[in-house]
Amino acid sequence: MAQKFQNLINGRWVDARSGQTFENRNPANWNEVIGTFPKSGKEDVDDAVKAARAAFEKWRLVPAPKRGDIMRKIGDLMVARKEEIAREMTREMGKVLAETRGDVQEGIDTAYYAATEGRRLFGHTVPSELPNKFAMALRVPIGVAGIITPWNFPMAIPTWKMFPAILSGNTCVFKPASDTPRTATMLVEIMNEAGLPPGVVNIVHGGGGEVGNAIVGHPDVDLISFTGSTGIGKGISRMAADTLKRVSLELGGKNAQIVMDDADLDLALDGVLWGAFGTTGQRCTATSRLILHEKVYDTFMSMLVARANALKLGDGLLPESQVGPCVNKGQRDTVASYVEIGLNEGAKLAAGGKIAADGALANGWFHQPTIFTDVTPGMRIAKEEIFGPVLSVIRTKDIGESIRILNDTIYGLSSSVYTRDINKAFQAIRDIQSGITYINAPTIGAEAHLPFGGVKQTGNGHREGGWTVYDFYTEWKAVYVDYSGSLQRAQIDNY
Ligand code: UN1
């Protein structure tokens with residue numbers, strides 16, 4: 001019998017009111033059922049929002065350093081359970097163990113960062129224009145945050161959102177992706193065990209159509225933080241407009257790595273392999289375009305194809321596996337359909353291109369690491385986010401043209417430039433339109449204490465990570481204290 005998991009609402013583990021459940025299976029072996037989870041609906045969201053609203057009235061009054069102490073405890077518990085979480089995560093979403101350990105570590109880093117922020121949460125004091133008057137601006141919590149997260153970083157991304165939300169004094173209703181409910185449950189177990197009062201964090205499992213929409217449409221939810229596709233993000237933005245919720249969106253990417261003719265080619269090779277095929281290409285930050293200088297094109301391509309063909313596909317729990325499966329059938333089929341699209345557009349397959357189902361791969365959603373050459377910037381495989389192990393290679397002749405190609409997309413999350421020429425590097429830093437730029441490092445690998453997010457249709461201007469995320473989870477309150485004992489009229493009495 002598959003293990004049965006529940007929602008956490010107001011500190012109690014409960015089934016969906018309807019009693020319905022859904023199954024979660026291992027993408028490397030679809031015969032393995034990881035567990036059943038509540039298939040929740042609007043009434044479960046109502047319960048969770050009610051609990052979160054009631055909890056908010058008390059939680060907002062707990063001193064932020066005390067909230068930080070709980071964050072530290074959460075971090076400690078995550079450290080203690082790191083290996084167990086990483087294994088469960090690999091089992092439910094497929095990426096290799098080294099990467100799921102990294103995902104948990106990103107959550108730990110976020111917990112410890114939030115713990116220290118409890119003793120900062122800086123506001124401002126500024127002089128008043130009037131005598132005997134004191135002026136300051138404080139951060140105040142906002143209320144109930146709806147947290148809707150994807151399956152590709154099932155630990156890191158929920159922690160990026162919930163830890164700063166809760167540290168700031170808000171409470172959360174959390175809907176994790178239905179492909180990764182197990183990891184999400186472990187996170188919430190830990191948050192509960194660390195001593196968060198009932199209702200501060202609530203988890204409601206289920207689909208986006210039911211649970212996600214009910215959260216976004218709920219009049220008593222004040223904030224929405226969502227990571228996922230640009231299409232869904234736009235829908236959330238429209239729906240949230242009805243109640244004027246504050247919305248933070250982290251959406252698609254079509255990230256590129258530029259390799260100039262003066263680059264360290266071995267370094268650039270390691271970078272593009274990791275950026276394109278790490279996490280099976282299923283990162284918002286994944287490298288899906290390689291913009292390659294014509295002078296090193298042939299040399300670099302032969303190195304790249306040899307290494308890509310040698311990548312070992314397999315169950316992420318096995319130490320020899322380098323690339324895991326796609327997360328589910330839909331995702332694997334999307335990858336296969338883009339291979340068709342690329343071929344029809346006239347691009348040439350330099351590596352991979354096939355579903356992989358031989359031997360031990362027979363019961364998993366595997367697809368070969370795939371490289372297209374002769375890609376031109378107008379092709380769909382050069383423009384659309386694929387979210388899988390597919391790299392499109394575009395030829396270039398200089399840094400200016402490379403940057404123009406890199407920017408020729410509706411997205412703007414991550415970018416990378418390999419060059420030994422400092423002038424080119426700084427030109428790229430200045431002119432590339434993206435939220436993150438790496439020099440001599442791949443497009444993936446953002447650290448928890450720096451701003452994370454993108455420009456153009458990758459988001460709506462907010463940033464996660466570091467100090468910047470606290471601007472999303474707090475309102476500014478301006479406070480004036482007049483100790484003159486008389487009415488002082490701003491803009492009038494002093495001028
Ligand atoms: C994502 O793919 O949505 O920078 C997040 C990185 C990771 C986070 C990726 N630290 O690739």
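Hydrogens, waters and symmetry mates play no part in the numbers below; they use all other heavy atoms, side chains included. Both ligands and their constituent atoms are indexed starting at 1 by order of listing. In this chain, residues are counted from 1 in sequence order.
When only modelled atom types and interatomic distance are considered, S415 and S434 share a side-chain donor-acceptor pair under 3.5 Å.
With E92 as the partner, the side-chain hydrogen bond (donor to acceptor under 3.5 Å, both in side chains) test is satisfied by one option alone out of N26, T180, T183: T183.
Checked against ring pair (Phe, Tyr, Trp, His ring centres under 6.0 Å), F366 has no partners two or more places apart in sequence or in another chain. Considering only residues two or more places apart in sequence or on other chains, T376 meets the side chain to side chain contact (heavy atoms under 4.5 Å, CB included) condition with M379.
Among residue pairs with one or both ends in residues 310-320, none qualify as side-chain hydrogen bond (donor to acceptor under 3.5 Å, both in side chains); sequence neighbours excluded.
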Which pairs of nitrogen or oxygen atoms, taken one from ligand 1 and one from the protein, are under 3.5 angstrom apart?
{"residue": "ligand 1", "atom": "2 (O)", "partner": "N152", "partner atom": "ND2", "Å": "3.2"}
{"residue": "ligand 1", "atom": "2 (O)", "partner": "C284", "partner atom": "N", "Å": "2.7"}
{"residue": "ligand 1", "atom": "4 (O)", "partner": "G445", "partner atom": "N", "Å": "3.0"}
{"residue": "ligand 1", "atom": "4 (O)", "partner": "A446", "partner atom": "N", "Å": "2.6"}
{"residue": "ligand 1", "atom": "10 (N)", "partner": "E106", "partner atom": "OE1", "Å": "3.1"}
{"residue": "ligand 1", "atom": "10 (N)", "partner": "E106", "partner atom": "OE2", "Å": "2.9"}
{"residue": "ligand 1", "atom": "10 (N)", "partner": "A446", "partner atom": "O", "Å": "3.2"}
{"residue": "ligand 1", "atom": "11 (O)", "partner": "R283", "partner atom": "NH1", "Å": "2.7"}
{"residue": "ligand 1", "atom": "11 (O)", "partner": "T285", "partner atom": "OG1", "Å": "2.7"}
{"residue": "ligand 1", "atom": "11 (O)", "partner": "G445", "partner atom": "N", "Å": "3.2"}

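Ring orientation note: the planes of Y113 and Y470 are close to parallel, at an angle under 30° on the 30°/60° scale.
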